[in-house]
Each structure stands twice: as structure tokens, then as C-alpha cells.
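Worksheet: the structure to be examined is printed underneath.
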Amino acid sequence: MTPEDLAVAVRAALAGLVSSGELAIDVPDEIVIERAKVKEHGDYATPVALTLAKAAGQPPRQIAQMLADQLATTAGITRVDVAGPGFLNITVAADALGALAHSIVTAGPAYGTSQTLTGQNFNIEFISANPTGPLHLGHTRWAAVGDAIARVLAAAGADVAREFYINDRGVQMDRFGASVMAAAHGRPVPEDGYHGGYILDLAADIVAEVPGIRELPEGEQLEAFREEAYRRQLAQQQRVLDIFGTHFDVWYSERSLHSSGAVDRGMETLREHGHVFEEDDAVWLRTTDHGDDKDRVLIKSDGEMTYFASDTAYYVDKRVRGFTTALYLLGADHHGYVQRLKAVAACAGDDPDVNIEILIGQLVKITQGGAEVRLSKRSGTMVTLEDLVDEVGVDAARYSLIRYPVDSPLTLDLDLLVQRSNDNPVYYVQYAHARISSVLRNAAELGIDWREQDFQAGLLDHEREGELLRVLGEYPATVATAAELREPHRVPRYLEQVATAYHRFYDTCRVLPRGDEGISAQHVARLWLCAATRQVIANGLALSGVSAPERM
RNA sequence: GCCCCCGUAGCUCAGGGGAUAGAGCGGUGGCCUCCGGAGCCAUAGGCGCAGGUUCGAAUCCUGCCGGGGGCACCA
């Protein structure tokens, strides 16, 4: 008996009351079923009667009572009480609740997946850093969260492609090349260039690996340094992301957007829809037709394409490639792009509420020794993705970044994360997984083949067992909600509840036989519950790209 | 000036209209003769302010106060 099962039962009960004429309402699609917070409220509670009272024109307690009478006859439900202003408190039979342990183990990695987003084809673009330096902490947040969103969407049945847009065109690239070239000659880096220490490393590598590069003619040499540095820096970003466990399906070069003709095609699409005009010798997109606060330039009066022109073409190209939704994950410093990107979709003839979706992630701050560590790509004192991983490891880094909703600013205390202690909740969750793994190993050593034993769900009737089962039953809804709202932080937060419920269970419920005690059906039932818990933790950690260790 | 985000426990943060607002760290006090104490139990401590909507608001709306970020024929 899961919350979903109960929702079905409640809906059926409502439908029954409607058809018998006792209730005049439309049966709602969504029925709120909550896990009871205090044990006097049974196992589950629902406020449906309160919600429907006005529409039905009847007092909530009266509706609740009619529902209670109906539900009390439902198999698996042992008790239904009307409480307070009209809540329904439902108590479920131990065997109906305990059966969940078996179905979780049977479902395995599939437990928690659904088809709620089946048919949707997402292009999820994130990080999209310039290839002019290492990935810093802001990129790192998206490296973890973007990947987690992709995983959660896929778990909900959607098709997902992860895409990294390489900003390899424009003046920043030239500044980057000039910086490396200057460093290669031992000259100071230009004022508007990149000053990080990595520039010196790049210069040294290139000089060593490309003989004679410093003797090339000025213009040719600048280009050579730019391209060599670009290639190496991109490879470095790719290597770091690979270690981090975030794997992109497509690395899309801005240059290729131009060379493939996609920019021209995109421009043509916009013209067809009548939103392109010329003024002051420049070519504009009339984004104000669709909610932007000013029109945007596509081609400057000097004939140069703007970055915005690439962006529009890139969007159109994503749609041409067959994605139903282009999902953009941007930093808070780009929030001004939201309106114009939405307008681009509208100008291309799409529905901006359906075909394009933009998530804004607030900035990450990091403190060390009580002081903020600055994050400037050009300062040379930036904290990079690599730094973070070196110090705290991939699991702790990913977990602590995913654990918070992206629309709230985040401050990470490096001193705290550096400690490999339970200061970090990731260890708390992983520890629960390792602990269960140990119990199951011990069971195997004792020769207990619990999978082959008769599972008696009704034996899981201890309060702590019920508590744990109810938490485990919330996993599918947690994943589906995380996908629907693009809020992957819900999963780790949920796993922390699972870990707590497990530890509480384990603290009072002996799982394995003691000493020379024989194996009872209760031991077997509890082993099933342990295995189910471990499965949920493993599935949930996988959605965050965090490992589920058997030992720690 | 206009736009976006945030304000919840000493600290870092959860809480998509529901009953007594949670977690980790930090305080205080307990629990190891057998399955992992990286754990469990108890206790102290909080919704920035003022209105509004609602049977019910930390949650939705308005205003104010405080903090962060953004405005371009830059990328």
C-alpha cells in the first residue's frame, strides 16, 4: 500500500459518492496524501475533504465522514478517522505496507522510475564556458546540478541530451590567445587579457610542444597560440568534467554554428516570421514583439554578427534537430537573457512556455578560514572545479552542490567540506548504504539466503519498520516531482530522511539472529526491508551521480 | 531608476496552502557484553516588518526594510 495506491482508493471513493448522488463535485486528478507526522494520526493523512468542501457545498467533516465509511472497506486499510477540521487519518495494515519491501527489491534499479515525462525530448544545455580558462565554482554548480536534472528527467521517462556550447568565437578568444602569447615571450599579459597562473602553464606547454611557434610572423603567431591554447584548454575542461562524472552528449562549437550555415538558416527562419528589421545600418530582431524590454541587434553596423545572433541560431538549430524543449541552465549574472531568449523562441514561431525553459542558478560563494574566497577567472586565485574535487572528492562535491535548490545563493565552507567527517550529509547517506551492505554480507556469511525464503510482509509491524516503509514509499513521488519541477535537490534531501529512518529502525530492530539463535521469518522479513532500503539509497544516489559504497 | 534571487535555530540550509515548522554542524545531558557508535535518544533555540487572500499562510498577493546579482551595436 503506497501513497499512490491510497490516492487511487480515495479517488474511487469520491467517484462512488458522486455516482450515488451524495456528493456533487468533479473528482480531482491530484489527491494529496501525506505521511502522518505524529503516530496519533495513523500512517497517512489527506485533507481532500477540506479542499472539496466549498465546491461540494457541504461541511468538510461531513464529507470526510462519508469518505471514511467508504475507505474503511478497502482492502489493506484497517482504520480511517476523521480528525480536526476534516482531515482523514488512515491506518494501513502491516502486511499491505510491508509488501512494499518485496516490490522494491523486485523492481531493483527501476524502482522510482516513471513515465510521467515520456514523449518529451529535452536538450539540456549547461556550463557552456568559454574555452579560455579552467571551470570555476559557478560552472561546477551546474556541472553537478545540470547533470542531476538530466538524470532525474530521464528517470521520469524523458529523452535527454546533455549539451555543452563552446564559446570559441569572438574577441575573448583573441584576448586569450594574446595573453598566452605574451606569457610565452615573458612579456606582461595585456591589461584586458587573462591573468591566471594557468596562462603561464599553457604558454610553457605550447612552447615546448610546438617548436618554432615564437618565430612565426606576428598575426600568424597570435592565431597559432590562440588555437593551441584553445585546444588544450578545452581538453582540460573535458578531462575535468569526465573525472567529475558529468558526461556531455554533444560539445557544440559556436564556430561550427557559423561554418555549417546554421546561423544563416536561423536568421532566415526569423525573417520568415517577420521579426527582423534594419535600422541605423544594423540588423535587429524585434524581441519587443514578445515581451523583451528592448530590441536586440543581430548584425552590428560594422557587419559583425553579435553573440546574440549565435544564440538565436543555436536555439533554432536545437529545434531543427528535433528537441521539443530547449532547457537552458544559466548563472544569475545572465538573468537578463531570460526575456530575450524567450522572445527568440516566440520570434521563431515557437511557444515560449513549452519549447524553451530557462533556469537561473544563483551564485556560489565559498569561504575558507571564515573569509570569502574570490572567484575571478582572471585573478588567478579562483577556486576551480578541479580544486574542489582535489580537496573534497567527487562525491562530496557533487552531493553538496546538488543538495540545495539552485535559486538560492549558496555558501560552501571549504574548511567544513575538506573534513572527511559526517559534517557532510553525503557521508551520512553513504554510511547507511555501507551499513546495510555489511548486514547483508553478514547474512550471506551466516548462510541465510533470504531471497529464497518466504517473505511474510505482516511481520514488519514494528513502529520503526512502518516508519521506514512509509519513507521508502515516497521515493517514486520524490523523483517524479524533482523531474517535473527541475529540482534535483529533492532527492538527496529525501535520502537523508531514508538514512535517518533506517538508522532508527536498525537501532531498535535486530536484523540477524544472535549467537546460536535460529533463523526466523522475522529475520527474513527484516532482511528484505534492509535490501529494499539499500536499493532506494543506491537508486537515489545514482540520480545525483554519487557513488553508493559497500564499505567505507 | 528598472529587472531577477534571497531573508526560517548560534552557523549552513530544507520546508511546491494543511494538524505540534525540519536536517546537519555547534550547546547541554544520556546510550557500546553480539548485526558498522561515520549511529541512536533527550533537551535548549527560529519564520525580517506591516497589510491582504483563505476554513487554514513559512508557503500565494501588495508595500516596506536588509543582502546578493543584472542593465550594452560586450562576450
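To find a chain, count down the sequence lines: A is the first, B the second, and so on, and within it residues start at 1.
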Mind checking who B:rC2 pairs with, Watson-Crick or G-U wobble, both distances under 3.5 Å? B:rG70
Both distances below 3.5 Å, Watson-Crick or wobble geometry, any strand: find the nucleotide opposite B:rG10. B:rC25
Whichever of A:Cys509 and A:Trp284 has its nearest RNA chain B nucleotide further upstream toward 5': A:Cys509
Tell me which of A:Phe505 and A:Asp293 sits closer to the 5' end of RNA chain B, going by the nucleotide each one is nearest to.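 Its nearest nucleotide being more 5', the pick is A:Phe505.
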Check whether more than 12 heavy atoms from other residues, nucleotides or ligands sit under 6.0 Å from atom [atom1] of [X], and answer yes or no.
X	atom1	answer
A:Asp302	CG	yes
A:Glu517	CD	yes
A:Glu279	CD	yes

At 4.0 Å (heavy atoms only), tell me whether [X] reaches a base, stays on the sugar-phosphate, or touches nothing.
X	result
A:Val511	base
A:Ala332	sugar-phosphate
A:Ala432	nothing
A:Glu550	base
A:Asp280	base
A:Arg551	base

In whole Å, what separates the [atom1] atom of [N] from that of [M]?
N	M	atom1	result
B:rG70	B:rA14	C1'	27 Å
B:rC61	B:rG1	P	23 Å
B:rU8	B:rG48	C1'	10 Å
B:rA19	B:rC5	P	26 Å
B:rA21	B:rC35	P	38 Å
B:rC65	B:rC49	P	16 Å
B:rG39	B:rA44	C1'	22 Å
B:rG18	B:rA58	C1'	13 Å

Could you give the [atom1]-to-[atom2] distance, from [X] to [N], as a whole number of Å?
X	N	atom1	atom2	result
A:Lys342	B:rC4	NZ	C1'	14 Å
A:Ile402	B:rG24	CD1	C1'	18 Å
A:Ile299	B:rC73	CD1	P	15 Å
A:Phe277	B:rC73	CZ	P	12 Å
A:Gln362	B:rC5	CD	P	8 Å
A:Arg504	B:rC35	CZ	P	21 Å
A:Arg340	B:rC3	CZ	P	16 Å
A:Asp507	B:rG36	CG	P	14 Å

According to a strict under-4.0 Å criterion, is [X] in side-chain N/O contact with OP1 or OP2 of [N]?
X	N	value
A:Tyr427	B:rG36	no
A:Lys54	B:rU54	no
A:Arg296	B:rC74	no

Can you find a donor-acceptor pair, distance only, under 3.5 Å between A:His335 side chain and B:rG70 base? no
Enumerate donor-acceptor pairs with a distance under 3.5 Å from any side-chain N or O in residues 521-533 of chain A to protein atoms, sequence neighbours excluded.
unit_1	atom_1	unit_2	atom_2	d
A:His523	ND1	A:Ser520	N	3.0
A:His523	ND1	A:Ser520	OG	3.2
A:Arg526	NE	A:Glu465	OE2	2.6
A:Arg526	NH1	A:Arg510	O	2.8
A:Arg526	NH2	A:Glu465	OE2	3.4
A:Trp528	NE1	A:Trp450	O	3.2
A:Thr533	OG1	A:Leu529	O	2.8

A:Ser310-A:Glu254 side chain donor-acceptor pair, cut-off 3.5 Å: yes
Do the ring centers of A:Phe164 and A:Tyr252 come within less than 6.0 Å of each other?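 Here the rings of A:Tyr252 and A:Phe164 have centres that are no less than 6.0 Å from each other.
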Ring centroid separation A:His503 to A:Tyr431 under 6.0 Å: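 They qualify: ring centres under 6.0 Å apart.
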With syn defined as a glycosidic torsion within 90 degrees of 0 and anti otherwise, which applies to B:rC32?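 Base orientation relative to the sugar is syn.
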Identified side chain to side chain contact (heavy atoms under 4.5 Å, CB included) counterpart of A:Thr312 within the set A:Tyr315, A:Tyr314, A:Phe308: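 Answer after filtering A:Tyr315, A:Tyr314, A:Phe308: A:Phe308.
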Contact string for nucleotides 12-20 of chain B, one letter per nucleotide 5' to 3', B = base within protein heavy-atom range under 4.0 Å, S = sugar-phosphate only, - = neither, reads SSSSB-BBB
Presence of salt bridge, A:Lys39 and A:Glu467, under 4.0 angstrom: no
